[in-house]
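Quick caveat: nothing in here was measured; it's all calculated off a predicted structure. Keep in mind that the numbers below use all heavy atoms, side chains included, and drop hydrogens, waters and symmetry copies. Read the numbers this way: they start at 1 and go in the same order the structure lists the ligands and their atoms.
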Amino acid sequence: MEQEAEDVPVVYLHEIKRQYTQGTETLTILNGAKLALWAGQSVALVAPSGAGKSTLLHIAGLLETPDDGEVYIGGAPTSQLSDIERTLIRRTDIGFVYQSHRLLPEFSALENVMLPQMIRGLKRAETVKRATEILAYLGLGDRIKHRPAELSGGEQQRVAIARAVANAPRVLFADEPTGNLDPHTADHVFGAMMQLVKATRVAMLIVTHNMELAGRMDRRVSLEEGQVVELD
Ligand SMILES: Nc1ncnc2c1ncn2[C@@H]1O[C@H](COP(=O)(O)OP(=O)(O)OP(=O)(O)O)[C@@H](O)[C@H]1O
């Protein structure tokens, strides 16, 4: 990761608007949402079902385009970029972790973590080295040859986190990453994510319904009537 001025947010959502049209009805989900995500800061997004959390994550992660407003990554606007340019930014700057791990079942933990780096065109030896290091950092040094089915739920989720940070992204988005885990395992996985934020200075936005975990993050925000509100 290149060192850059930290007076610019890693991600800045400016006046984001998103509507869905269903038949004759128009649903306004985001209505001028603004949010800045900073390097080295973890932010919990806590809001009721249907409030637009996943929509916000997908727009901020350049998976969806807003109807209006601008997504800035590292200070640069993204709305005029081509699909290829957006894909490249997603590969290098953005990581995603979902509620279910979505690992490839026929590949080992190591190979799953190597894949995003290989897609990016890094040399195999380099990807093996980096993937091994990240897995060891997340406490999986003795599990790298295991396939997902041979790992526990918490281990699978840590592999998914390793895969998401394999390319040293500037921002990590996680949609209920511990939602499928028992409280003890959730605590462990969550702890690993918090460590990563401080160790790598990645910016992190985590959707969670768990107020205890949200309370351990740097900042808490919600969505009300399509706008982001600070909870602290
Ligand atoms: N493709 C779509 N077409 C129409 N409506 C949609 C579409 N995607 C989402 N919605 C609606 O937009 C609203 C927000 O959805 P979103 O998935 O962002 O909510 P959420 O806050 O993540 O909810 P949850 O906590 O239940 O996952 C919902 O009411 C949903 O029905």
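- The shortest contact between atom 6 (C) of ligand 1 and any protein heavy atom is with Tyr20 CD1, 3.3 Å.
- Distances between N or O atoms of Glu176 and those of ligand 1 include no value under 3.5 Å.
- For atom 31 (O) of ligand 1, the closest non-hydrogen atom of the protein is Leu27 CD1, 5.0 Å.
- Within the structure, salt bridge (Lys or Arg N to Asp or Glu O under 4.0 Å) pairs that include any residue of residues 118-141 comprise Lys129-Glu133 (at least two apart or interchain).
- Protein heavy atom at the shortest distance from atom 26 (O) of ligand 1 is Ser49 OG, 2.5 Å.
- Between Arg143 and Arg158 the shortest side-chain heavy-atom distance does not fall below 4.5 Å.
- Connection of Leu181 to Leu138 is established within a shared hydrophobic cluster, with ILVMFWY side chains joined at heavy-atom distances below 4.5 Å, either directly or through further cluster members.
- Looking at ligand 1, you'll find an N or O of Gly50 within less than 3.5 Å of one of its N or O atoms.
- Between Ser42 and Asp218, the side chains place a donor N or O and an acceptor N or O closer than 3.5 Å (distance only, hydrogens not considered).
- The shortest contact between atom 19 (O) of ligand 1 and any protein heavy atom is with Gly52 N, 3.4 Å.
- The CD atom of Glu176 sits 8.0 Å away from the OG atom of Ser54 when rounded to the nearest 0.5 Å.
- Looking at Thr26 and Gln19, their side chains never bring a donor and an acceptor atom within 3.5 Å of each other.
- Contact annotation for Ala47 and ligand 1: no heavy atom of the residue comes within less than 4.0 Å of the ligand.
- Proximity of Thr55 to ligand 1, defined as any heavy-atom pair under 4.0 Å, is shared by backbone and side chain alike.
- Ser54 CB, 3.6 Å is the protein heavy atom nearest to atom 17 (O) of ligand 1.
- The nearest protein atom to atom 12 (O) of ligand 1, hydrogens excluded, is given as Ile29 CD1, 3.2 Å; this is a heavy-atom distance.
- Remark: ligand 1 atoms within the under-4.0 Å shell around heavy atoms of Pro48 are 21 (O).
- A donor-acceptor pair shorter than 3.5 Å cannot be found between the side chains of Thr28 and Asn31.
- Side chains of Gln157 and Leu103 form no contact here, defined as non-hydrogen atoms less than 4.5 Å apart.
- The closest non-hydrogen atom to atom 25 (O) of ligand 1, taken over Glu25, Gln99, Arg18, Lys53, comes from Lys53.
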